Protein chains: 2
Amino acid sequence: MTTVSELQSGPPPSPRRRRADALRSITAILDAATETLNRRSEATIEDIAKAAGISRQTVYAHFPSREALLQALMERVTEQVVTAIDAADLDTGPADAALVRLLETGWVALGTNPFLLHLTLPPIDPEQERERHEPILARLERLVVRGQEQDEIDPQLPVAWVLSATLALGHAAGEEVRAGRMTPTEAVQVLRTSIPRLVRPGR
Amino acid sequence: MTTVSELQSGPPPSPRRRRADALRSITAILDAATETLNRRSEATIEDIAKAAGISRQTVYAHFPSREALLQALMERVTEQVVTAIDAADLDTGPADAALVRLLETGWVALGTNPFLLHLTLPPIDPEQERERHEPILARLERLVVRGQEQDEIDPQLPVAWVLSATLALGHAAGEEVRAGRMTPTEAVQVLRTSIPRLVRPGR
DNA sequence: ACTAAGTCTTACGTCAATGTCCAAGTTACT
DNA sequence: AGTAACTTGGACATTGACGTAAGACTTAGT
């Protein structure tokens with residue numbers, strides 16, 4: 001059939017008729033794939049289908065191959081993250097608080113997609129990868145640089161390290177929640193104290 | 001043939017003759033497996049064999065199955081980490097400095113085995129898992145608790161979080177090095193400033 | 001130099017996942 | 001109510017990894 005890739009593009013390039021149940025299936029698949037692959041990155045198409053409550057064939061009806069599924073998945077996740085970032089309104093207030101806000105909305109709350117970070121399929125060209133990560137990185141870097149200029153973030157620290165470290169802490173907090181060692185509230189709490197400590201300039 | 005599992009046990013239970021090249025092969029396999037699985041956790045036995053510079057069959061000559069290989073791998077890694085921990089001499093000096101020392105020897109230097117953390121094979125019983133992690137966790141917890149008692153580590157922070165966060169930062173630094181965005185020296189440098197900031201009690 | 005241990009090549013059987021096809025049944029739109 | 005879109009179940013070819021086996025060859029130890 002038709003690949004879903006045309007879906008998230010703005011104006012419909014081809015006047016394709018799409019029924020409601022089809023759309024439901026598609027999002028069910030993507031949700032299930034996110035959930036399942038987060039636990040086992042080697043999960044089968046069948047696993048995903050089962051988790052989505054549909055048959056394996058239906059998956060193939062919308063995504064021509066496993067590759068295509070993962071592709072679409074990455075696109076959607078990226079899109080969600082970008083949305084979350086914009087919602088966090090990074091340009092307002094102290095930069096370190098903005099970092100925390102970012103983690104709250106984007107990572108801890110919305111599901112913490114660690115597989116996204118470590119799912120580098122072989123048949124992905126670096127150009128595409130860059131292109132996908134660029135909008136995210138650009139926003140984050142801008143935030144960090146702003147924070148350093150306003151002396152809310154230690155200018156001594158490399159920008160890349162501030163980002164890595166922050167995301168690592170966010171990921172770690174998400175893990176704690178997922179493992180049941182912390183409640184989401186505690187996780188947010190601990191991030192609120194840890195991130196500023198990490199990035200604030202020494203007095 | 002005989003499984004390698006008898007190897008790291010203390011006194012040889014069966015007086016097995018082992019030739020030098022066999023031992024060489026075994027460590028070559030284990031090293032290659034560590035290296036390869038760190039990049040792709042779904043790596044084939046053939047991949048590992050190729051990386052080790054031997055044939056696939058030789059792998060099977062020493063490890064009856066993929067499962068057994070991973071098993072042995074986990075054991076060896078655990079052993080190495082424990083050794084590294086003991087070498088870091090955690091009971092001496094300020095606790096936060098000890099944490100940094102730990103990362104330097106155990107993670108950044110010795111190869112940063114992230115796959116160890118995320119490689120939870122289905123057919124692993126939790127009891128065995130606990131048993132494996134116990135010696136490591138015990139040492140680390142003891143360190144953190146000591147630090148909190150001596151007021152070198154913020155007593156407000158949950159012990160589990162101090163550990164997670166520290167390891168997360170160590171892992172992040174290792175990633176930076178692996179990705180070529182930092183030199184090992186810079187990584188150590190940045191850890192030396194970041195860890196204390198993170199865990200030191202607020203003035 | 002002899003011998004046992006170890007390795008290599010080739011080959012084979014099994015199994016699970018991918019991807020394809022089709023026919024029959026459901027479900028959404030108008 | 002009618003039709004096109006969608007889903008489903010079964011069936012099938014293909015591929016790749018696992019695990020096993022046997023014979024020829026090479027290497028280490030004494």
Side-chain angles (χ1 to χ4, degrees), chain A residues 1-7 12 14-33 36-37 39-73 119 121-124, chain B residues 1-7 12 14-33 36-37 39-73 119 121-124:
Chain A
M1 301 280 99
T2 313
T3 314
V4 77
S5 61
E6 315 156 4
L7 224 175
S14 59
R16 178 87 163 88
R17 295 195 52 197
R18 277 196 177 285
R19 258 169 44 174
D21 53 353
L23 295 175
R24 236 186 303 130
S25 290
I26 290 176
T27 63
I29 293 171
L30 291 175
D31 289 347
T36 308
L37 290 172
R39 285 204 303 269
R40 290 196 323 128
S41 62
E42 325 91 22
T44 300
I45 299 245
E46 177 122 38
D47 293 338
I48 296 172
K50 203 170 297 175
I54 60 176
S55 76
R56 195 170 65 91
Q57 283 77 353
T58 303
V59 176
Y60 281 104
H62 297 292
F63 303 95
S65 74
R66 182 198 182 80
E67 259 304 295
L69 209 194
L70 297 183
Q71 183 86 5
L73 200 51
L119 195 65
L121 301 327
I124 257 189
Chain B
M1 301 285 100
T2 313
T3 314
V4 78
S5 60
E6 314 158 4
L7 224 175
S14 61
R16 177 87 165 87
R17 295 196 53 199
R18 281 197 174 284
R19 257 170 45 175
D21 52 355
L23 295 175
R24 237 186 302 129
S25 290
I26 290 175
T27 64
I29 293 171
L30 260 35
D31 289 347
T36 309
L37 289 173
R39 283 204 303 267
R40 289 196 323 129
S41 60
E42 326 89 24
T44 301
I45 300 244
E46 176 121 39
D47 295 338
I48 296 173
K50 203 171 298 178
I54 60 176
S55 77
R56 192 170 67 92
Q57 281 68 5
T58 303
V59 177
Y60 282 105
H62 298 292
F63 303 95
S65 73
R66 181 198 182 79
E67 259 304 297
L69 209 193
L70 297 183
Q71 183 85 6
L73 200 51
L119 195 66
L121 300 329
I124 255 189

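Just so it is clear: chains get the letters A, B, ... in the order the sequence lines come, proteins before strands, and each one is counted from 1. Note that the structure is a prediction, hence the values are computed from the model and not measured.
A donor-acceptor contact under 3.5 Å links the side chain of Gln57(B) to the base of dT10(C). For Arg56(A) against dG19(C), a side-chain-to-base donor-acceptor contact under 3.5 Å is present.
Here the options are Arg18(A), Arg19(A), Arg24(A), the test is side chain to side chain donor-acceptor pair (under 3.5 Å), and the partner is Asp21(A); only Arg19(A) passes.
Leu23(A) has its CG atom 12 Å from the C1' atom of dA5(D), to the nearest Å. When rounded to the nearest whole Å, the span between CD of Glu46(A) and P of dG19(C) equals 13 Å. Glu42(A) places its CD atom 16 Å from the P atom of dA16(C), with the value rounded to the nearest Å. When the P atom of dA5(C) is taken as reference, atom CD1 of Ile54(B) falls 19 Å away, rounded to whole Å. Between Leu69(A) atom CG and dT18(C) atom P the separation is 10 Å, expressed in whole Å. Distance Ile48(A) CD1 to dG19(C) P: 11 Å, rounded to the nearest Å. dT8(D) atom P lies 14 Å from atom NZ of Lys50(A), rounded to whole Å. One can place CZ of Arg66(B) at 22 Å from P of dT14(C), the figure rounded to the nearest angstrom.
Here the side chain of Ser65(B) pairs a donor or acceptor atom with the backbone of Ala68(B) at under 3.5 angstrom. The backbone N or O of Ala33(B) sits nowhere less than 3.5 Å from a side-chain atom of Thr36(B) that would complete a donor-acceptor pair.
The 5' end of DNA chain D is approached more closely, in terms of each residue's nearest nucleotide, by Gly53(A) than by the other of Gly53(A) and Asp47(B). If Ala43(A) and Ser55(B) are placed on DNA chain C by their nearest nucleotide, the residue sitting closer to the 5' end is Ser55(B).
Minimum atom distance to the side chain of Ile45(A) is reached by dT18(C), of the listed dC6(D), dC29(C), dT18(C). Checking dC6(D), dT8(D), dA5(C) against the side-chain heavy atoms of Arg19(A) singles out dC6(D) as nearest. Closest to the side chain of His62(B), from the set dT7(C), dC29(C), dC6(D), is dT7(C). The listed nucleotides are dA28(C), dG19(C), dT7(D); the one nearest the side chain of Arg24(A) is dA28(C). For Asp21(B), counting side-chain heavy atoms from C-beta on, the closest listed nucleotide (dT18(C), dA28(D), dC8(C)) is dA28(D).
Regarding contacts with the backbone of dT7(D), a side-chain N or O of Ser25(A) is found under 4.0 angstrom from either OP1 or OP2. For Thr58(B), a side-chain nitrogen or oxygen approaches OP1 or OP2 of dC8(C) to under 4.0 Å.
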(message) What verdict does the side chain to side chain contact (heavy atoms under 4.5 Å, CB included) test give for Leu70(A) and Phe63(A), after you've listed the backbone C-alpha separation in whole Å, the side-chain angles of each residue and the deciding distance to 0.1 Å?
(response) CA-CA 9 Å; Leu70(A) 297 183; Phe63(A) 303 95; over 6 Å; no

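Once rounded to the nearest 0.5 Å, the distance linking OG of Ser25(A) with CG of Leu30(A) reads 11.0 Å.
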